[in-house]
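A note on names: the letters A, B, ... follow the listed sequences, proteins ahead of strands, and every chain is numbered from 1. The shown structure was predicted, so the numbers you read here are calculated from the model rather than taken from an experiment.
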Amino acid sequence: MSRIGPTSPIVLLIGLIILVAMAMAGLAGTEFALSRYLANAIGQLAAFAVLAISLDLIWGYLGILSLGHGLFFALGGYLMAMYLLKHSFEITATVPDFLQFMGWKDFPFYWAGFEFFPYALAVAVVVTLLVSGIFGYVSFRSRVGGVYFAIITQALVYVAMLLMFRNDTGFGGNNGMTGFTVLFGWPMGTSGMITALAVASLLVLAWVLLGCRWLVGSRFGALMLATRDDETRLRTMGYETLRLKLIVWCLSALIAMLAGMLYVPQVGIINPRVLSPELSLEIAVWVAIGGRGHLVGAVIGALLVNAVKFWLSSAAPEIWPFILSGLIVLVVLVFPNGLMDIAKFKFVRPMGAKRLAADLGESRP
Amino acid sequence: MSLTALLVDGVTVRFGSFRALDDLSLAIDYGEVRAIIGPNGAGKTTLLDVISGITRPKQGRVLFDGATDLTEISEAAIARAGLRRKFQKPSVFKGLSVRRHIAIGADVGFRARLDAPALEDRIDEVLEIVGLADQAGRLAGELSHGQKQWLEIGMVLASDPKVLMLDEPVAGLTDEETERTAALVRALRRPDRAIVVVEHDMDFVERIADRVTVLHEGRTLFEGSMAHVRADAAVVDVYLGR
Ligand SMILES: Nc1ncnc2c1ncn2[C@@H]1O[C@H](COP(=O)(O)OP(=O)(O)OP(=O)(O)O)[C@@H](O)[C@H]1O
Ligand SMILES: [Mg+2]
């Protein structure tokens with residue numbers, strides 16, 4: 001069992017996140033409050049960081065690469081959007097654009113109950129568990145792994161995208177869903193709401209970090225690393241790795257779903273592009289850049305890449321794909337452990353690679 | 001309890017048209033240390049793969065304790081029945097500490113079954129046996145080749161297996177380490193345990209084995225004591241003489 005000292009990176013990071021959340025909450029409404037743009041960006045970044053952690057959990061700690069994690073993110077996002085639209089409709093009687101577009105007078109029958117948040121949440125959890133559970137069971141059962149698994153997950157997210165692009169499914173079609181006006185009875189788009197959503201996202205991020213740290217430090221976490229390092233070895237010592245992989249895979253899907261639920265009210269829209277293979281690839285890039293198998297690394301990777309992306313999206317949006325591809329090549333060929341490699345390379349050698357490696361290595365038992 | 005621990009009965013394994021094991025039958029008893037020798041590619045590792053459930057034979061069965069057909073249950077179930085195996089290529093978990101390996105080997109399950117003090121005692125005991133007590137906190141990935149071999153042996157014997165299979169346990173070890181491994185194998189011999197050792201080092205085999213099975217092209221070429229093996233013309237011809 002690994003011990004976490006008060007100055008270990010993960011404790012510092014969680015402390016920082018909570019501090020930012022408290023400062024944002026405390027300063028809200030005063031002259032020192034963050035701009036709406038910045039508060040919103042922090043909230044979205046926090047949601048992406050949660051998404052990065054979900055992938056790191058299965059890729060970094062279990063060795064299973066998913067290139068389709070956007071699927072679970074979108075699942076959370078779409079079901080959250082359904083709640084928002086239904087709830088907004090109930091209070092303000094605004095008919096969602098996509099219904100008008102289709103010439104429908106009323107919501108399809110399967111939207112029933114979505115104005116009630118606990119129901120929407122329960123549906124999100126159940127659907128995520130069903131999809132991830134069935135897909136995981138079938139794949140792990142037939143011992144599909146490595147590149148093959150990654151390719152299948154990518155195909156899965158692509159199929160989901162094609163499905164959601166259809167306009168007749170009642171999920172918004174290619175325009176997606178937007179026009180959310182009310183959340184939990186409060187109007188959306190106000191500074192108060194933006195701050196509240198960002199603070200909530202930060203707190204969820206802190207909780208997810210804490211929970212995952214506890215998991216990977218536990219006996220079960222050691223078995224995850226053992227599965228990653230040599231699954232056959234572990235299996236031939238009496239461990240049913242299928243069950244272990246399935247549990248972590250479903251947990252990871254749930255965390256990604258949670259990230260999607262946090263993301264959609266902050267960005268104000270969800271459409272099938274969230275299901276594009278590129279986004280799912282990008283999640284893997286965040287984790288790879290931060291250094292897989294390090295929870296702190298996943299968060300830093302998500303923040304760094306997205307900060308660059310936010311900035312570029314106004315400065316020079318057309319070069320983003322090139323930057324992204326360049327990052328992939330760099331990470332694959334030069335720095336297989338992302339920032340961890342760079343850190344070791346540059347600063348650590350002189351002062352003892354061991355120490356920093358030990359500091360950074362929360363995966364270490 | 002039957003005296004026969006493992007009964008390999010007419011097992012054939014094919015890779016394409018090639019027969020790695022060809023209608024192989026042999027019995028291994030409790031209380032013995034059985035060495036399996038033979039030239040490269042004779043099928044020694046494949047035999048252990050079949051017993052541990054990694055490779056499923058085309059034909060034949062492997063009876064454990066005269067009752068359980070190991071060709072029909074999962075690798076994990078085979079292990080839980082009391083069979084453990086060290087791989088030819090040292091197989092350890094590079095991201096885990098030495099201590100954690102022994103814990104995983106001693107206490108099988110997602111949640112700990114043994115109470116903490118009992119487990120700690122068992123870990124200390126095993127680390128002492130395999131001579132890694134002073135390495136307990138290190139990551140397996142940082143160990144030397146010989147230490148990895150010993151760690152894997154420690155990991156598989158931590159659960160007190162009824163059948164212990166060691167695939168080339170002294171490959172790449174120094175003379176002194178080989179000597180210690182031989183002493184360890186002899187010390188692990190018990191009336192209620194069968195030990196199967198695959199090895200190319202004939203002096204080592206001579207020291208540890210009660211009986212020797214010589215495999216050649218997936219079949220048994222000879223079975224008997226090491227002295228008889230050395231005297232057998234066919235064995236000298238295909239293996240020892242080269
Ligand atoms: N998965 C596989 N696919 C195809 N051929 C295989 C496979 N595994 C083993 N073989 C072949 O089966 C034969 C027996 O291999 P095995 O590993 O059992 O030999 P061995 O007796 O352990 O040899 P060594 O002393 O070199 O370890 C070899 O010719 C090998 O190339
Ligand atoms: Mg072999």
From CA spacing to verdict: side-chain contact (heavy atoms from CB on, under 4.5 Å), B:Phe64, B:Leu6: CA-CA 5 Å; B:Phe64 171 58; B:Leu6 284 175; 4.2 Å; yes

B:Ile102/B:Arg122 under side-chain contact (heavy atoms from CB on, under 4.5 Å): CA gap, chis, key distance, verdict: CA-CA 9 Å; B:Ile102 311 297; B:Arg122 178 64 186 153; 5.9 Å; no

Report yes if some heavy atom in the side chain of [X] is under 4.5 Å from a heavy atom in the side chain of [Y]; otherwise report no.
X: B:Leu83; Y: A:Thr236; answer: no
X: B:Met165; Y: B:Asp167; answer: no
X: A:Val296; Y: A:Leu12; answer: no
X: B:Met155; Y: B:Ile104; answer: no
X: B:Ile153; Y: B:Pro169; answer: yes

Within residues 44-57 of chain B, residues adjacent to chain A where the heavy-atom gap is under 4.5 Å: B:Ser52, B:Ile54

Contacts of residues 180-189 of chain B with chain A (heavy atom under 4.5 Å): none

Sole candidate of A:Leu210, A:Ile14, A:Leu13, A:Ile53 that passes side-chain contact (heavy atoms from CB on, under 4.5 Å) when paired with A:Leu205: A:Ile53

Sequence neighbours excluded - salt bridge (Lys or Arg N to Asp or Glu O under 4.0 Å) pairs with any residue from residues 236-251 of chain A: A:Glu231-A:Lys245, A:Glu240-B:Arg80

Interface moiety of B:Ser159 toward chain A, non-hydrogen atoms closer than 4.5 Å: neither

Qualifying ring pair (Phe, Tyr, Trp, His ring centres under 6.0 Å) pairs with a residue from residues 98-151 of chain B, counting only residues at least two apart or across chains: A:Phe220-B:Phe110, B:Phe93-B:His101

